[in-house]
**Student:** 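Have a look at the structure that comes next, please.
Residue numbers start from 1 in every chain, and the chains themselves are labelled A, B, ... in the order their sequence lines are given, proteins ahead of strands.
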Amino acid sequence: SPAPTGDDPAPADPAETEDPADEEEPEEPAEPADEEEELIIAQGADAVSLDPHGQNDQSSSRVRVQMFDTLLMQDKNMEFQPLLATSWEQIDDLTVEFKLREGVKFHNGEDFGAKDVIYSIQRAIASPQAGHIVDMIDGDKLEEVDNLTVRVVTKEPFGPLLAHLSHPAAAITNEKAVTDAGDDIDITPVGTGPYKLKEWARGDYIILERNDDYWGEPAKTKTIRFRAVSENANRTIELETGGVHIAYDILPNDISKVEDNSDLQLFRDKNFSTTYVGFNAQKEPFDNKLVRQAINHAVNMDEIVEAVYYGTGNKASGPLGANVTFANTELEPYEYNPELAKEMLAEAGAEDISLVIWTNDNKIRMDIAEIMQNQLQAVGINATSEVVEWGAYLSQTAAGEHDMFILGWTTVTGDADYGLYALFHSSQFGDAGNRTFYKNERVDELLEIGRTATSVEDREAAYKEAQEIIREDAPWIFTWNGEDLTGASNRVSGFELHPAGHYRLHNVSLGN
Amino acid sequence: MKKVMLEARELTKYFDVPGGKLHAVDKVNFQIHEGETLGLVGESGCGKSTTGRLLLRLLEPTSGDVIFDGVNITKLSQREFRKYRTQMQIVFQDPYASLNPRMSVAEIIEEPLLINKIYNNAADRAKRVKELMDTVGLAPRLLNVYPHELDGGRRQRIGIARALALKPRFIVQDEPVSALDVSIQAQILNLMDDLQDEFQLTYMFISHDLSVVKHVSDRIIVMYLGVIVEMAESQELFERRLHPYTKALLSALPVPSVDIETEPIILKGEITSPINPKNACRFAGRCAYRQDLCDQQQPELRELHPGHWVACHFAENLVQTEDIVVGGSLSHPDSTVTKPSQVIEEEPVTEVEQAKSEESNISK
Amino acid sequence: MLRYIARRLLLLIPVILGVTLITFTMLYFTPGDPARLTLGEQAGAEQLEQFREIHGLNDGYVVRFVNYIKNAVFHQDLGLSYRNRQPVFAEVASRFPTTLKLAGLGVLVAISIGIPVGIISATKQYSLFDSVSMIFALIGVSMPNFWQGMLMILFFSVYLKWLPSSGFNTFQQMILPALTIGTSTAAVITRMTRSSMLEVIRQDYIRTARAKGQKESKIITRHALGNAMIPIVTVIGLQFGYLLGGAVLTESIFGIPGVGRLMVDAIKQKDYPVVQGGVLFIAVTFSVVNLFIDILYAYLDPRIRSQYK
Amino acid sequence: MEKKNNTPAPTQQVAQKRNQWKEVWRRLRQNKMAMVGLAILIILALAAIFADVIAPNGFDNQVIKDRFQTPNSTHWFGTDNLGRGVFDRVIHGARVSLSIGIISVSIAIVFGGLLGALAGFYGGRVDNVIMRSMDILLAIPSILLAISIVSALGGGLFNVMLAVGISSIPGYARIVRASVITLKGQEFIEAARAIGANDSRIIMKHIIPNSLAPIIVQGTLGVAGAILSAAGLSFIGLGLSPPNPEWGAMLSGGRDYIRDHMHMTLFPGLMIMATIFALNLLGDGLRDALDPKLKN
Amino acid sequence: MTKKPLLEIKNLHVHYITNEGTVQAINDLNLELYPGETLGLVGETGAGKTTTALAMMRLVPNPPGKIVSGEVLYKGKNLVEMKEADLRKIRGNQISMIFQDPMTSLNPIMTVGDQIREGIMLHQKVDKATATKRAMDMLEVVGIPMERYDEYPHQFSGGMKQRVVIAISLSCNPEILIADEPTTALDVTIQAQVLQLMENLKVEFDTSMLMITHDLGVVAKVCDHVAIMYAGTVIEHAQKHKLYRTPKHPYTIGLFESIPNVHETTERLKPIIGLMPDPTDLPTGCTFHPRCPHAMDICKVEFPEVTHLSDEHWVRCHLYPADKEVE
Ligand SMILES: Nc1ncnc2c1ncn2[C@@H]1O[C@H](COP(=O)(O)OP(=O)(O)OP(=O)(O)O)[C@@H](O)[C@H]1O
Ligand SMILES: Nc1ncnc2c1ncn2[C@@H]1O[C@H](COP(=O)(O)OP(=O)(O)OP(=O)(O)O)[C@@H](O)[C@H]1O
Ligand SMILES: [Mg+2]
Ligand SMILES: [Mg+2]
């Protein structure tokens, strides 16, 4: 079958495939004292829920991935690696069969088996927060072939199925655990992962503890503490003063402080996030492609990237970041050309446009809005910006009350489908993701092909074309593709970024 | 018999306080005659001010009536009462507290005229204000001055002018001189006396200073804990005290003379609480003549001698003892105040000049 | 005394009802869809509908309010947080000790600075010490708390590297927040102590004590302080009450998981049950603190003691 | 019959109309600290009024390439992350912050004053109902109340003023009530009654003018509090939208840069401080100048 | 005179320095208090009576008050220059003071017993139990049952409070008791009680007393000598009978004529014209001259010296030339 699989007899333990871990291993017993030390991580917010199929925010996911396994995972190069499934096979257009790992136990002592996979996927489908990741699967047709073999059936042919099953929201839990937890499910995570929950002081910190019954190589550090440090600058300060060992999402203007500090190291890599400024493509004058293009030309994105992001990430040339599978890397960013913009506006007969750029209460977006407002004024557009409170922001943009708005999107599966379908398909207007109300029949068609085709080539071709059209139609001002910035103490080894943003930590250890 | 101007009938005021009902004024009956000064004395808290306020309807009585010129003013609506309001005024104890600190002398005196629409143009009002100031002996240059810039005597004159503005017939004087120094007090007392003659005023004069009350009053009421214990002509009361409390009160009054030997009756207890009093003589607790009956029944106010009322079960029996207790105090062999005539040849300034103080040019 | 306390506790009922009604009404008319905010951008229409159904969001104003009160009264249930389905009571209660600790420490710092400085200033009125400490007190009042917090982090955490900049678990972590809150509260207390002391030392009974031949220091401690304490205690109580919910800014700067931040997050997330529960908690505590202050008055002042029957 | 030099009464020499406020002003003038405060406030007010003249660049003039300049001769307070002059913004911010302070306190005084006056004057039921409602409002910490109001109404300038104003109503109601109750027992109120003044005249002519003093003092200090509250609201992202140069918003916006570009937060911080400082000095001075006990 | 004064004030000047100007509260005041005698100090509001009393114990509040010059000699020792610590041994022990208003002169949050005991503990070397015992005895002495030792001032009536104040001031058996209008705040019947009590105690403890009042009736009742104060200085000082029978100073005469007398029916009172002078701007010469019916040219320029009219009677008035002894 042409779909990417993990067919090759991968070693039972994905950890073993990683070289640095191998090197670390012999050193470990030599310093038993260090083993007791807690690995402390600062992130911007506390987890909201540890229900594997609950709240989907990044702070929660980053904790959950340490405790829950999915059937398979994507490594940092987006290659599929086996986890609870040892191998998988596309049976037909709709069906994939997974062979499951033997001898795996949940944190509550229950044995892992096919029934848990079926239960978990069904539960995920029903979840309002996780549902959209797995709802292409036909929950009723999940089939337990035997205790260690399960068949997953999609409602329609669905190309990116494996990527979706790699998403943390497709985590496998255990029915008994869920029943036992009852109302406490958000604070009682039971998975098969290398760590289990030890303590959660809500709003403050979460302590995870090594799962000694882990099916793979045991985690390198005995306990991990996730601390919520909401002030951005404080995370770097904590890192510098030794209060934490790893600080997620440090500020771009703190990069030099980490780099120049001989005790610290900086991990940085492009991720799957993109920031965009959406038009209301159904509202005058933004229903005119020419106007949208003109505005794209009127915006000096280099200046924005420099001023707002300190040159991290890169200016976006299209709807997808370069690292997303099937991204069209040949697209050219819109050239900054205010003169051209003015001409185009004149051509469109829209010389005196007044517009409001909405943003929510987010410092970076507010800065973008302010700069854009200024730049647009330079081409004669009467632009103002307005901060709208988050709840209202979501509902009002979904209702199409905006002129322009600023939002971000993370293609969590790393697959073009996730990054395009919800945002540009005309069936997804409003809440579902297409807040620009952009509609292009050809794009709709291409996105459907990309989604249902199982051949990589077909998908690639469809997506590349779709991206070209979208760039041309410019329902967005293509703004920025993000970059992860994580600072860590030099004592930290084995840490690796992941473009989807949830970093697995069982290989991380603390040296001196 | 003089015409009765004002009458209190079973006038009662209870205040609700945390401990129960405070009997501030309890079923008092008295009359005030046209043109007289009725003195009201008693210890602090015995209900003097409350009585005064009830008469003017500044407080609504709990029960009882006030009859003014034959009309029961307690039953009138606010609107109907208006025309009586202008006939009855009050002068307060503390001349500072009774003047709005944010209003000038002219504004204060003008206010009653303004409120009651006595004149309908400002010029007339201003003229009247000047006239009033003149009457009470305030120099015209004080028109735009504020009360805090003045001394107590002048402040009290403002209060008097305000009370006079509406040409009242009856004025309640609620301790109008107790906040003043003796020398100023004399100025004000003389002024009030002159005004009474000039405008045929009727006064109710409230004070705890017996010598002052004696000086100004025709008749005197002695109150104790909300009730009248004795009431008589001024001279009569001083010569024949019937109630043990009056006896004690008068005997305790320090006399500014070294030639009169007084032997104060020392009362034992303190004033008892006016909250929910029992049906008993309110003075019983401090009374040297107390008998069982005193604790069982509150004595009625009765007329023991013509015009001399007392509320004591045993008033008759006590008459004799009186002279023994305050022996000889009523005769004064020498004149108590020596005239300094040996030294000072000429008589001091004439009375009128003194009374009208330095800036007065009142008509003589 | 007990009866007084009982009566006061009874008076809590209308306060609680009132607070609930105000909060409820305000939240009711706040725009934004809690279902959408809770379930996220991707949730489908029927899931949103289901959420609204479960949480009674489709009911009218009156029904919802009555239900809320009914549950609270009959089931001692303040509802579940929309976001993580945890009982609101437990959620707020888990944050409360932190807030109490923060407010308590802050007030403690404030008292230990404010009262002595205020007393010295008052007894040495118009002296250099007085002027200097009053200027410092004014600066304390004038500096926005969060800015002060940021500067303290800059100085103590970044520059001196003495103290951590966030968290609230170890003693070291508590120092900066307590100082931040403490110094601005101290400013208020210092000024109040000073003016109250100035008032008291002009009283006749102080003169009486001097006329007895008592020493100045004893006069201050034995006669003046006790009498000056009442307005000071009031301010301390008010400040403490205010800090229960009002230390949001300090909590944000130092990443302290207190009730204030919980509430702000909940307000932003339209997690109404949590907001309501939090406000209720704070209001009740505030009232209880006030009651405590009133009892303290009685302890301090026999005149008041005799009124509490 | 004026006998010259005969009675040197303390202050009677005054012949022309001498207003009580002049007296207050005279006493206030003797208080150096209060005058310092007043001077600062006047400067700030002038800056606010003539912001367009003093800082002609406006608060929103970005020159991205000039960002993060430290204070220099063109940009006295340096520039911010978008290359706007911090000085320009701070001056224009004076307008915003002062008007927030003044207007929200006015709202609070009008409503709080009215409620307090009614409660104090009529007592009994009215008092109970009003004051219990105030207790309830007071039981919700004012910043939380303001946050809730802003999140209910949205974060515009007026809403922020309203929120800050509403949350400080109970304080004013209490003060006014207390002073009305004290005044009500004063003899001059009774005297006014005796000459036939009705309730509305008593309230308007006698009670309100006399309860002004504590309100003015509290109002002065209240403006300070309101500016701080608004700054706090901005700080948690519920205040005014950018590019509004409200000082709190500037502090909040600059916090990520505080380590490298201190001047971005230093100046708005100092402005807030100076304003609050000045208001407090003036308020304290007014309190003394208006204190009847210090009169004689 | 052979008797030596127990306390002697010589040429005392006390000023209060205020924003409105310097108040010359005491101007060249002379006063003697002899052992066993009760001296009445009479004067109108603002005459400087309280300031005199405070100056005698060096308790004039500073700022704004300041003893500018003069001496207060107690048994020959000048209290004005004494060390604070030595002074404290005298205050409350040898000289004690009762203040005008009993409502405010007791600490509201201390039991009355403790307030009495405080002075005893300070000046007498006794242990706590003995001091408590003595304090209880003092309560009984002033007619309050000692069971009420642990009560607070607000539980007492005005008269009882004043008695507590008296108990405090007498608890160390002082040689001099200064009573600053001790009964002004009380009702007449209560005043009589308190005055009686003071008189009894004075005899019992053999105390000299300075009785400050503006009530000539009270003076007539309790004093041996009287000093009349006007604008910060004593203008007439005499044995009581002499003063009442033959007042000399025009102000004293005016004072007597201003008060209504219950035992005389006067139609009109004869007030002194005018007002007390502004203490920040005293008239030149004799401070009384603007109000004086006998003012002469000299009165406007020269402050009269003390003229001894008789053995126990002196006056400050130009009507009585210093050299010319009348009697
Ligand atoms: N508004 C009120 N509420 C409650 N009690 C009151 C009120 N007014 C007066 N009283 C009480 O009523 C009693 C009589 O008071 P009133 O003022 O009439 O006494 P008074 O004889 O004028 O005393 P004073 O000589 O002190 O002026 C007192 O016990 C007083 O405390
Ligand atoms: N603390 C003070 N500050 C300023 N002036 C003062 C102070 N105390 C007293 N005075 C002034 O000093 C003068 C004398 O005051 P003092 O209190 O000695 O008078 P008094 O005779 O006791 O009057 P009263 O009869 O009112 O008690 C007055 O003019 C008074 O205003
Ligand atoms: Mg009275
Ligand atoms: Mg005095």
Side-chain angles (χ1 to χ4, degrees), chain C residues 1 119 121-131 194 196-234 293-309, chain E residues 50 53-54 56-64 84-112 114-124 150-155 161 164-165 168-169 171-172 174 177-178 180 185:
Chain C
M1 196 68 176
I119 292 174
S121 282
T123 50
K124 303 241 183 314
Q125 199 188 359
Y126 304 132
S127 68
L128 185 67
F129 180 91
D130 184 26
S131 312
R194 178 173 179 270
S196 177
M197 277 300 279
L198 279 177
E199 176 95 33
V200 167
I201 56 178
R202 292 197 185 112
Q203 296 294 313
D204 286 352
Y205 52 80
I206 298 299
R207 205 168 54 173
T208 308
R210 288 211 180 100
K212 278 183 205 171
Q214 185 59 279
K215 269 197 290 223
E216 253 341 92
S217 56
K218 277 267 174 63
I219 289 176
I220 296 300
T221 49
R222 288 194 55 175
H223 292 273
L225 195 54
N227 282 291
M229 237 19 229
I230 292 210
I232 302 173
V233 162
T234 312
I293 293 291
D294 286 350
I295 294 170
L296 205 60
Y297 283 166
Y299 172 76
L300 288 170
D301 190 339
R303 287 167 296 186
I304 297 175
R305 205 177 312 159
S306 67
Q307 280 166 23
Y308 294 174
K309 286 207 188 89
Chain E
T50 303
L54 292 174
M56 284 167 74
M57 299 183 84
R58 218 174 85 193
L59 279 175
V60 177
N62 178 11
E84 184 70 27
D86 297 332
L87 201 60
R88 274 205 300 270
K89 289 194 191 106
I90 294 180
R91 282 184 198 149
N93 192 18
Q94 274 128 32
I95 307 179
S96 60
M97 184 157 176
I98 302 172
F99 293 100
Q100 173 168 2
D101 190 353
M103 311 300 159
T104 58
S105 15
L106 289 174
N107 186 339
I109 63 167
M110 231 166 139
T111 64
V112 294
D114 285 351
Q115 296 189 53
I116 300 173
R117 189 179 63 189
E118 188 182 3
I120 299 173
M121 301 267 294
L122 272 169
H123 298 297
Q124 300 179 4
D150 283 326
E151 289 185 16
Y152 289 92
H154 74 273
Q155 291 163 290
K161 272 190 237 177
V164 172
V165 175
I168 291 175
S169 57
S171 61
C172 294
L177 176 62
I178 302 168
D180 186 3

**Student:** Got a list of the donor-acceptor pairs under 3.5 angstrom between chain C and chain E?
**Tutor:**
unit_1: C:D204; atom_1: OD2; unit_2: E:T104; atom_2: OG1; d: 2.6
unit_1: C:Y205; atom_1: N; unit_2: E:T104; atom_2: O; d: 3.1
unit_1: C:T208; atom_1: OG1; unit_2: E:S105; atom_2: O; d: 2.8
unit_1: C:A211; atom_1: O; unit_2: E:G92; atom_2: N; d: 2.9
unit_1: C:K212; atom_1: O; unit_2: E:H123; atom_2: NE2; d: 2.5
unit_1: C:K212; atom_1: NZ; unit_2: E:Q115; atom_2: O; d: 2.8
unit_1: C:K212; atom_1: NZ; unit_2: E:E118; atom_2: OE1; d: 2.9
unit_1: C:Q214; atom_1: NE2; unit_2: E:E118; atom_2: OE2; d: 2.5
unit_1: C:H223; atom_1: ND1; unit_2: E:N107; atom_2: ND2; d: 3.0
unit_1: C:H223; atom_1: NE2; unit_2: E:E118; atom_2: OE1; d: 2.8
unit_1: C:H223; atom_1: NE2; unit_2: E:E118; atom_2: OE2; d: 2.7
unit_1: C:N227; atom_1: ND2; unit_2: E:N107; atom_2: OD1; d: 2.7
unit_1: C:S306; atom_1: OG; unit_2: E:H154; atom_2: NE2; d: 3.3

**Student:** Measure distances from C:L300 to the heavy atoms of chain E and classify the residue's part below 4.5 Å as side chain, backbone, both or neither.
**Tutor:**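 Just its backbone gets close to chain E.
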**Student:** Closest heavy-atom contact between C:P302 and E:P108?
**Tutor:** CG-O, 3.1 Å
**Student:** Quick one: what part of E:L59 sits under 4.5 Å from any heavy atom of chain C, side chain, backbone, both or neither?
**Tutor:**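 For E:L59, the side chain is the part near chain C, not the backbone.
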**Student:** So for E:I98, is it side chain, backbone, both, or neither that comes closer than 4.5 Å to the heavy atoms of chain C?
**Tutor:**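 Neither part.
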**Student:** Where is the tightest heavy-atom contact between E:M97 and C:A211, given as atom of each residue plus distance?
**Tutor:** CB-CB, 4.3 Å
**Student:** Non-hydrogen atoms of chain C under 4.5 Å away: do they reach the side chain of E:I168, the backbone, both or neither?
**Tutor:**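 Contact with chain C involves the side chain of E:I168 alone.
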